[in-house]
Amino acid sequence: MRLSRFFLPVLKETPADAQIASHRLMLRAGMVRQEAAGIYAWLPLGFRVLKKIEQIVREEQDRAGAVELLMPTLQSADLWRESGRYDGYGKEMLRIVDRHERDLLYGPTNEEMITEIFRGYCRSYKDLPKLLYHIQWKFRDEIRPRFGVMRGREFLMKDAYSFDLDEQAARTSYNRMFVAYLNTFARMGLKAVPMRADTGPIGGDLSHEFIILAETGESEVFCDAALVDMGAPGPDVDFDGDLQPLVDARTALYAATDEMHEPDRFADVPEERRLSARGIEVGHIFYFGTKYSDPMKAVVTHPDGQDRAVHMGSYGVGVSRLMGAIIEAHHDEAGCVWPEQVAPFGAGVINLKAGDADTDAACQSAYETLSKAGRDPLLDDTDNRPGGKFATMDLIGLPYQLIIGPRGLKEGKAEVKIRRSGGRHELSLEDAIARLAEGAFADG
RNA sequence: CGGGGCGUGGCGCAGCCUGGUAGCGCAUCUGCUUUGGGAGCAGAGGGUCGUUGGUUCGAAUCCAGCCGCCCCGACCA
């Protein structure tokens with residue numbers, strides 16, 4: 001992409017409304033625009049990142065054996081009357097009346113609808129297990145949206161739902177999502193810690209929040225530091241095998257948000273590993289048994305001929321929130337510092353003197369080579385001054401910058417700047433292009 | 001919903017207390033000079049001061065209602 005054709009409305013000054021780093025940077029880098037309280041338009045740069053995050057989530061869901069579908073944003077109120085939540089959900093639910101005076105709502109979540117879909121087709125234990133997910137916009141009319149996309153009213157969420165014969169089988173589905181989440185967040189450059197969460201009236205041990213540690217986190221968390229650096233199982237996990245050991249290795253270590261915090265147990269953690277910090281919830285997995293399948297009559301016939309309600313779980317990932325979380329984890333004074341996997345472009349090519357024939361030609365060559373190599377470069381071919389170009393490129397945070405100007409070209413040289421480390425490599429133009437095309441920079 | 005605050009060119013702000021020609025920086029446009037870390041000079045365009053009503057000879061300024069937004073709290077992916 002050429003910057004002269006792109007749409008990148010960067011702001012030199014910080015908008016007054018933005019309080020935290022991710023919100024400030026998303027506005028300054030021209031990634032989002034607020035359209036109403038907690039409602040954002042995704043501008044091209046932000047939209048690119050959002051799609052990358054979404055795609056990672058999707059790939060890891062698929063890898064774990066979940067099956068994608070897409071449910072609508074609007075739902076019938078009758079569905080929610082069946083589960084009893086229409087009256088219970090409160091003002092957070094946006095209620096809409098259509099021209100025929102029918103009650104609709106903009107979905108804040110989809111348990112009812114997925115249950116309705118499931119019961120429409122599945123009757124036998126032979127239809128189980130099923131693990132279905134979608135990635136769709138949700139709306140929750142929060143009393144007070146804040147922190148930009150981290151707590152918006154409209155947000156993009158991946159929500160998966162599992163259907164199993166009994167609690168034991170549900171645990172298998174639960175573990176799949178548990179492990180899938182570890183891999184998902186790790187691929188985005190995040191260290192997400194699974195923490196025990198409140199299971200409410202269902203009870204049991206099958207609810208975890210996945211939290212990334214950040215100073216601007218909304219909740220206070222306490223955990224064993226060993227858990228933070230444990231790493232993810234990685235793509236070679238056999239999701240059809242026994243995942244319990246992977247889960248146990250993590251749940252054995254202490255980790256809890258403040259509402260689940262047990263100071264006595266925390267005290268058992270060796271002092272040097274006792275970590276209390278703030279965290280951002282980016283995922284939540286939950287087993288809730290027959291809470292919806294009972295009232296909504298989602299039953300299957302068991303081998304013994306008896307009909308019983310299916311056991312369900314739901315598994316959410318805040319896709320749009322993740323963008324804020326990633327920036328909170330990866331930024332500096334100058335701007336965003338995107339992990340390569342979610343960066344809006346793979347590399348930036350800075351033409352220091354657009355209009356200079358040699359420089360233009362060198363940039364064009366670099367741009368074409370990097371494009372063909374699949375590096376998805378952004379070429380700054382504008383006639384702005386070098387200082388502004390550097391500042392903009394740092395702000396939008398692409399992992400690599402290839403800086404080409406007449407001064408260096410006289411020697412046949414160009415410079416590669418690694419955004420994360422700030423490291424600079426002066427190389428011949430050919431080497432610089434070739435190494436960027438291969439992604440061969442260890443300090444990236 | 002309780003408490004606090006803000007609404008003035010695209011962005012950031014001053015002016016309001018003490019009513020009388022709407023201002024500054026950035027951005028934009030034109031010209032010249034510049035060009036390796038957010039250039040300089042000269043000029044230009046752009047605002048019915050959130051909105052409605054009231055007070056007044058006169059309202060950005062004082063008063064009231066409404067709308068929008070932000071911050072603290074309870075709620076949440």
[X] side chain to [Y] main-chain N or O, any donor-acceptor pair under 3.5 Å?
X	Y	result
A/R48	A/P344	yes
A/K389	A/T382	yes
A/R419	A/V337	no

Between [atom2] on [N] and [atom1] on [X], what's the gap in Å once rounded to a whole number?
X	N	atom1	atom2	result
A/E333	B/G37	CD	C1'	16 Å
A/D356	B/U34	CG	P	16 Å
A/R153	B/C70	CZ	P	9 Å
A/E154	B/A77	CD	P	17 Å
A/W137	B/A77	CH2	P	17 Å
A/R424	B/G37	CZ	P	10 Å

Write down the partner of [N] under the Watson-Crick or G-U wobble criteria, each distance required to be under 3.5 Å.
N	result
B/G36	none
B/C62	B/G54
B/C41	B/G31
B/A22	none
B/G68	B/C6
B/G73	B/C1
B/G47	none

[atom1]-based separation of [M] from [N] [nearest Å]:
N	M	atom1	result
B/C49	B/G68	C1'	16 Å
B/U56	B/C63	P	16 Å
B/A39	B/C1	P	48 Å

Problem set entry | A/E328: salt bridge (charged side-chain N to carboxylate O under 4.0 Å, His left out) partners, not counting sequence neighbours | none
Seminar exercise, completed: A/R153 meets the salt bridge (charged side-chain N to carboxylate O under 4.0 Å, His left out) criterion, sequence neighbours left out, with A/D141
What nucleotide among [options] has an atom nearest to a side-chain atom of [X]?
X	options	result
A/E92	B/C76, B/G37, B/G36	B/C76
A/Q34	B/G36, B/C69, B/G38	B/C69
A/I143	B/G73, B/G37, B/A77	B/G73
A/K91	B/G36, B/C1, B/C72	B/C1
A/Q19	B/C70, B/A74, B/G38	B/C70

Seminar exercise, completed: Reading nucleotides 39-46 of chain B from 5' to 3' and marking B where a protein heavy atom lies under 4.0 Å of the base, S where only the sugar-phosphate is that close, and - otherwise, the string is B-------
Seminar exercise, completed: The contact string for nucleotides 5-12 of chain B, one letter per nucleotide 5' to 3', using protein heavy atoms under 4.0 Å with B, S and - for base, sugar-phosphate only and none, comes out as ------BS
For this session: Can you sort out which residues in residues 358-370 of chain A have a heavy atom within less than 4.0 Å of RNA chain B? Ascending by number, please.
Result: none
Seminar exercise, completed: For A/E112 and A/M296, the nearest pair of non-hydrogen atoms, with its separation, is O-CE, 3.3 Å
For this session: Identify whether the distance between the nearest side-chain nitrogen and carboxylate oxygen of A/D159 and A/K138 falls below 4.0 Å.
Result: yes
Looking at every strand, decide which applies to [X] at a 4.0 Å heavy-atom threshold: base, sugar-phosphate, or nothing.
X	answer
A/D159	nothing
A/G316	nothing
A/V282	sugar-phosphate

For this session: Give the C-alpha distance, both sets of side-chain angles, the deciding distance and a yes or no for ring-ring contact (aromatic ring centres under 6.0 Å, His included) between A/F178 and A/Y315.
Result: CA-CA 9 Å; A/F178 190 107; A/Y315 314 90; over 10 Å; no
Exercise. So among A/Q75, A/R81, A/R95, which one has a side-chain hydrogen bond (donor to acceptor under 3.5 Å, both in side chains) with A/D103?
Worked result: A/R81
Exercise. How do A/A37 and A/V10 order along RNA chain B: which one's closest nucleotide is nearer the 5' end?
Worked result: A/V10
Exercise. Toward the 5' end of RNA chain B, which comes first, A/R321 or A/R407, by nearest nucleotide?
Worked result: A/R407
For this session: Using the ring pair (Phe, Tyr, Trp, His ring centres under 6.0 Å) rule, pick out the option among A/W338, A/Y400, A/F6 that qualifies with A/F345.
Result: A/F6
Exercise. Do other residues, nucleotides or ligands put more than 12 heavy atoms under 6.0 Å from the CD atom of A/E259?
Worked result: yes
For this session: Could you grab the distance from atom CD of A/E60 to atom CE of A/M177, nearest 0.5 Å is fine?
Result: 10.0 Å
Problem set entry | A/R144 side-chain N/O to B/C75 phosphate OP1/OP2 under 4.0 Å | no
Problem set entry | B/G38 pyrimidine/purine six-ring stacking with A/F390, under 5.5 Å and 30° | no
Problem set entry | Aromatic ring proximity A/Y287/A/Y174, centre distance under 6.0 Å | no
For this session: Mind jotting down which residue pairs meet the ring-ring contact (aromatic ring centres under 6.0 Å, His included) criterion with at least one end in residues 46-93 of chain A? Sequence neighbours excluded, please.
Result: A/W80-A/Y89
